[in-house]
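Reviewing the structure listed below.
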Amino acid sequence: MGVFETLSSKQQALVQEHLRLVIEANQRVNLTRIDSVDEGMVLHVEDSLSGLEELNAAPEGMFGDLGSGGGFPGIPLSIASGREVVLIDARKKKMDAVSEIVSELGLSPQISTYAGRAELFARTQSKRFVALTVRALSQLPVLLELASPLLMKDGLLICYKANVDDEELAAARRVQNMVGMSLVGDRSFLLNDEYQRRILTFKKTAEPKVKLPRQEGMAQKHPLSE
Ligand code: SAH
């Protein structure tokens, strides 16, 4: 059984309406490549909700969704958990469209948006978040670097992945210590009995040994390595 079925009927209606509005807005601004509700219910809604147990393990408080695009996984997770979330995405056009969707859903201010790069946001929002979720943004070492300055001590970085090759994980293990993070969870499962998924969770355990955030764009252009 998927997490969706465990939600209240009000929560179910909200996550479905979010998906519907994203598919509708997609005709004007590119938020997703998925254009059918049936496919979206699995690949966006259930997939987003699959990290609820990881989010529930975070300290109480507000989380952030890095590279949120159409609001996945941040919006379904906020609806399911009742937690405040800030959706963060570098593309202003996407965040404008998503922020309209959020008001239509009646979910502001529980759900807010920030249009800008995560590394810029970290300059003013240092250690603000108890958790960060991220799906389909970049490789693990990049995610670790972007997340670390935004997370408070014991905060969690929850990375949604399909397949992770050994090289990516090895690189993450080398970088985690440099940015004050440690791998604390690794869960593989099949989404809808069909799609291989893996959620890797890192905890902010120490202050970074390098000065973060680095200049905008550096994390992605020149990833940290030992
Ligand atoms: N999480 C969504 C969207 C994934 S696409 C989903 O899974 O459907 C990746 C998104 O990350 C893009 O919208 C891109 O604009 C954003 N992004 C990439 N690098 C970023 C950065 N450094 N800071 C903020 N957003 C970033």
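Each ligand, and each atom within it, is numbered from 1 in the order the structure gives.
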Test item: Thr6 side-chain N/O and Val3 main-chain N/O as donor-acceptor pair under 3.5 Å: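 Yes, because the side chain of Thr6 sits within donor-acceptor range (under 3.5 Å) of the backbone of Val3.
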Contacts table for residues 99-108: side-chain donor-acceptor under 3.5 angstrom, sequence neighbours left out:
| unit_1 | atom_1 | unit_2 | atom_2 | d |
| --- | --- | --- | --- | --- |
| Ser103 | OG | Ser99 | O | 2.9 |
| Ser103 | OG | Glu100 | O | 3.4 |

I'd like to check the ring-ring contact (aromatic ring centres under 6.0 Å, His included) partners of Tyr160; sequence neighbours left out, ordered by chain and number.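 So Tyr160 forms no ring-ring contact (aromatic ring centres under 6.0 Å, His included) with any residue.
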Can you give me a line-by-line list of nitrogen or oxygen pairs between ligand 1 and the protein shorter than 3.5 Å?
| unit_1 | atom_1 | unit_2 | atom_2 | d |
| --- | --- | --- | --- | --- |
| ligand 1 | 1 (N) | Gly67 | O | 2.8 |
| ligand 1 | 1 (N) | Phe72 | O | 2.7 |
| ligand 1 | 1 (N) | Arg135 | O | 3.0 |
| ligand 1 | 7 (O) | Arg135 | O | 3.4 |
| ligand 1 | 7 (O) | Arg135 | NE | 2.6 |
| ligand 1 | 7 (O) | Arg135 | NH2 | 3.2 |
| ligand 1 | 8 (O) | Arg135 | NH2 | 3.0 |
| ligand 1 | 13 (O) | Asp89 | OD1 | 3.2 |
| ligand 1 | 13 (O) | Asp89 | OD2 | 2.7 |
| ligand 1 | 13 (O) | Lys94 | NZ | 2.8 |
| ligand 1 | 15 (O) | Asp89 | OD1 | 2.7 |
| ligand 1 | 19 (N) | Gln220 | NE2 | 2.9 |
| ligand 1 | 22 (N) | Arg117 | NH2 | 3.4 |
| ligand 1 | 22 (N) | Glu119 | OE1 | 3.1 |
| ligand 1 | 22 (N) | Gln220 | OE1 | 3.3 |
| ligand 1 | 23 (N) | Ala118 | N | 2.9 |
| ligand 1 | 25 (N) | Ala90 | N | 3.1 |

Glu207: salt bridge (Lys or Arg N to Asp or Glu O under 4.0 Å) partners, not counting sequence neighbours: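 With sequence neighbours excluded, Glu207 shows a salt bridge (Lys or Arg N to Asp or Glu O under 4.0 Å) to Lys127, given in chain and number order.
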Parallel, tilted or perpendicular for Phe72 and His44, by the 30°/60° rule?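 Taking His44 first and then Phe72, their aromatic rings lie parallel (interplane angle under 30°).
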Got more than 12 heavy atoms from elsewhere within 6.0 Å of CG, Asp166?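 Incorrect, the count does not exceed 12.
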